[in-house]
A.B. asks: 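This is the structure, below, for whatever I ask next.
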Amino acid sequence: MSRETGIVKSEPQPMAQSAERPAVAPPCDIYENADEILVVADVPGAVPETIEINLDKNELSITARRELPAVEGSLLAAEHRDRDFRRRFAVPGGIDANRITADLRDGVLTLHLPKSEALKPRQIAVRAG
Amino acid sequence: MKWNEVVSTLRQGIRRRLGRGEGAVVPVSQAVPERLGGAPVAVPAVDVYENESELVVVADVPGGSREGAVVSWEQGRGLTLLVQGPEPPGGTVWTAEYGPHDWYRALDLPEYADAARATSTIKDGVLTIRIPKRAAATKRIRVQAG
């Protein structure tokens, strides 16, 4: 048959893995205190190894790939838990980019954006004339 | 101990050593919990799986830990999960898309779910509840030729 149609049977190939899973924006709360701006994002199921945080110029991007537990069986109800998390923020001026840190606890990611010295509140001494 | 159990115990031990354990165990009690405090409640997203031996409920409860999690069941009222959210950091709020909140959800269970034997774990803000099925639920009925 293959001689007539030119169709040659090939070995089955694995399906190409899509580069990225669908992602949603994680809900975030943002706080400011005297020393820093805090971005608190809900990323349940993510672990430090699967979280990527990049600062490019003034754009801060967070990508968190979640590790879903391997559960055997058929899915009775699915509420879109098979999504990764992705979100970008425009970072205001006056942030010390070199000192940005992040910590992850119980599926909550907290980004610490320290203010540069120029932005910190300071007291101005009044001199007697 | 059956061979299957030996393998399962070994596997769990290895997973724990690799830091991929099932997470902290949350006790499952028989009572409907009281509300934890004044925080508003949010409804966590859940996935529900079913296999031959059990039902598995997986819920997103970011910020929830073993100490603040209560999983309970009551005859005829199903399964309830109540998880305390994290304390907010101090400071001026710029944006609060959720704000401080707890997680609460009640789920109906089918007759064949044996909630009294349910187990629950929490890890990385994900709560997993395993509810074994009653033995009768998986019993096969043989069809005889007439």
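We name chains A, B, ... by the order of the sequence lines, and we start the count at 1 in each one. Below, each value reflects all heavy atoms present in this structure, side chains not excepted, and no hydrogens, waters or symmetry copies.
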A.B. asks: Using a cut-off of under 4.5 Å on heavy-atom pairs, state which of A:Leu76, A:Thr110, A:Asn33 scores highest against chain B.
C.D. replies: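 The candidate making the most pairs under 4.5 Å is A:Leu76.
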
A.B. asks: Rounded to the nearest 0.5 Å, what separates atom SG in A:Cys28 from atom CZ in A:Arg87?
C.D. replies: 4.5 Å

A.B. asks: Sort A:Leu75 into side chain, backbone, both or neither according to what part of it lies under 4.5 angstrom from a heavy atom of chain B.
C.D. replies: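 Both backbone and side chain.
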
A.B. asks: For each of A:Val40, A:Val39, A:Ile37, tally heavy-atom pairs with chain B at distances under 4.5 Å, and name the one with the top tally.
C.D. replies: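 Highest number of heavy-atom pairs under 4.5 Å: A:Ile37.
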
A.B. asks: Given a strict heavy-atom distance threshold of 4.5 Å, which part of B:Pro88 is in contact with chain A: side chain, backbone, both, or neither?
C.D. replies: both

A.B. asks: A:Leu109 versus chain B, heavy atoms under 4.5 Å apart: side chain, backbone, both or neither?
C.D. replies: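 The answer is neither part of A:Leu109.
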
A.B. asks: Is the number of heavy atoms from other residues, nucleotides or ligands within 6.0 Å of CD (A:Glu32) greater than 12?
C.D. replies: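 Count over threshold, so yes.
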
A.B. asks: Between B:Val56 and chain A, with a heavy-atom cut-off of 4.5 Å, which part of the residue counts as in contact: side chain, backbone, both or neither?
C.D. replies: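 Answer is side chain: those atoms of B:Val56 sit under 4.5 Å from chain A.
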
A.B. asks: Please determine, by modelled atom types, if A:Asp35 and A:His112 share a side-chain donor-acceptor pair under 3.5 angstrom.
C.D. replies: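 Note: A:Asp35 and A:His112 side chains miss the donor-acceptor criterion.
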
A.B. asks: Look at the side chain of B:Asp47 and the backbone N and O of A:Glu79, then say whether any donor-acceptor pair between them is shorter than 3.5 Å.
C.D. replies: yes

A.B. asks: For the interface with chain B, which of A:Leu38, A:Asp42, A:Ile30, A:Val108 has the highest count of heavy-atom pairs at distances below 4.5 Å?
C.D. replies: A:Ile30

A.B. asks: Taking side chain as everything from C-beta outward and backbone as N, CA, C, O, which of these in A:Ala34 sits under 4.5 Å from a heavy atom of chain B? Side chain, backbone, both or neither.
C.D. replies: neither

A.B. asks: Give, for atom CD of B:Glu74 and atom OG1 of B:Thr80, the distance between the pair rounded to the nearest 0.5 Å.
C.D. replies: 8.0 Å

A.B. asks: Would you say CD of A:Glu72 has more than 12 non-hydrogen atoms from neighbouring residues, nucleotides or ligands within 6.0 angstrom?
C.D. replies: no

A.B. asks: Heavy-atom pairs under 4.5 Å with chain B - which of A:Gly73, A:Pro44, A:Pro27, A:Gly45 has more of them than the others?
C.D. replies: A:Pro44

A.B. asks: Would a distance-only check, ignoring hydrogens and angles, find a side-chain to backbone donor-acceptor pair under 3.5 Å from B:Arg66 to B:Thr121?
C.D. replies: no

